[in-house]
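Have a look at the structure below, then the notes.
Residue numbering restarts at 1 for every chain, and letters A, B, ... go by the order of the sequence lines.
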There are 2 protein chains.
Amino acid sequence: MSINTYSYDEVKELSRLFKLLAEPNRLHILCNLGMECRPVSDIISATGLSQTNVSFHLRALREAGLVRPERRGSFVYYCLPDVKLLSLLEQTKEWIKLRRKT
Amino acid sequence: MSINTYSYDEVKELSRLFKLLAEPNRLHILCNLGMECRPVSDIISATGLSQTNVSFHLRALREAGLVRPERRGSFVYYCLPDVKLLSLLEQTKEWIKLRRKT
DNA sequence: TAACTGTATGTGTTAATGCTCATATGTGTG
DNA sequence: CACACATATGAGCATTAACACATACAGTTA
């Protein structure tokens, strides 16, 4: 037996999160949001993606609670509500980097 | 600007990993391998998946270097070559659990 | 209110991927 | 060698998900 066992539900929940992070454009949006709030228009120009596509990905992230929208006038700013996610991403990035050298 | 910036390549590499982890059955195989080496037949009976399907997922994991095959007689044992990955999964699992309470 | 900017959503198309069936390959044993 | 068991692979099918287009909605300003 392994030390950490994973129930079916836990695995399913994990995979749901990973599915969100698995799309390059979506992940790019998420990673480069950092801890700042940015209007959609900024994200569009930063990524070079179409408005529709950015909106599409933001919706997925929003419905999963990974980003939070905030209206300011006619703009909608998006923020990461949780720093911990970024730290997980950072650790994973480092892991990949180390692994390549082996 | 965010503290940690992610290049296009880094994001792409990250997303490639997440894509592998995004499939529930594949993730289930990976999580419950733990740090032990197990023959494919064990994985088949543990997951209840078809032989073909298990082989299919193991191939994906193997080609990404997330598991390592090892022949022992007529059996092929699969192992995780790296503990760190399990720890990342564990942390992610905990993060999800905490988040739900908020 | 009309006109403009910023953002969201519904629909359809296309590409990717998980799964199964049939079959091949590999390994031990009589 | 023949046979049985363990695992891998190729082809085809079915589902899903990313994207674009057109359009709707929300807020600001004239």
Scan Tyr78(A) against the nucleic acid and name what it touches under 4.0 Å (heavy atoms): base, sugar-phosphate only, or nothing. sugar-phosphate

Among dT27(C), dG6(C), dG18(C), find the nucleotide with the atom closest to the side chain of Ser74(A). dG6(C)

Would Lys93(A) count as a cation-pi partner of Tyr6(B), with NZ or CZ less than 6.0 Å from the six-membered ring centre and within 45° of the ring normal? yes

Over all strands shown, is Ser55(A) touching base, sugar-phosphate only, or nothing at heavy-atom distances under 4.0 angstrom? base

Quick one: label Arg62(A) by what it contacts on the DNA or RNA (base, sugar-phosphate, nothing), any heavy atom closer than 4.0 Å. sugar-phosphate

Gln51(B) near the nucleic acid: base, sugar-phosphate alone, or nothing, with a heavy-atom cut-off under 4.0 Å? base

Check whether any side-chain N or O of Arg59(A) sits under 4.0 Å from OP1 or OP2 of dT9(C), and answer yes or no. yes

With a cut-off of 6.0 Å (strictly less than), are more than 12 heavy atoms of other residues, nucleotides or ligands near NZ of Lys84(A)? yes

Per Val40(B) side chain, nearest of listed nucleotides dT27(C), dT7(D), dG27(D): dT7(D)

Where the side chain of Phe75(B) is defined as all heavy atoms beyond and including C-beta, which of dA6(D), dG6(C), dG18(C) is the nearest nucleotide? dA6(D)

Do Leu30(A) and Val67(A) have side chains that get closer than 4.5 Å, going by heavy atoms? yes

Aromatic rings His28(B) and Tyr8(A): how do their planes relate, parallel, tilted or perpendicular, breaks at 30° and 60°? perpendicular

Taking for each residue the nucleotide of DNA chain D with the nearest heavy atom, is it Arg72(A) or Lys19(A) whose nucleotide lies nearer the 5' end? Lys19(A)

Between His28(A) (NE2) and dA18(D) (C1'), how many Å, whole number? 17 Å

Picking from dG18(C), dA22(C), dT7(C), the nucleotide nearest the side-chain atoms of Thr52(B) would be dA22(C)

Among dG18(C), dA8(C), dC19(D), the one nearest Glu23(A) by side-chain distance: dC19(D)

Taking the side chain of His57(A) as its heavy atoms from C-beta onward, which of dC19(D), dG18(C), dT9(D) lies nearest to it? dC19(D)

Of the nucleotides dT9(C), dA8(D), dA20(D), which has the atom closest to the Asn53(A) side chain? dA20(D)

May I have the distance from Phe56(A) (atom CZ) to dT14(C) (atom C1'), rounded to whole angstrom? 13 Å

Closest of dA20(D), dA8(C), dT28(D) to the Ser50(A) side chain is dA20(D)

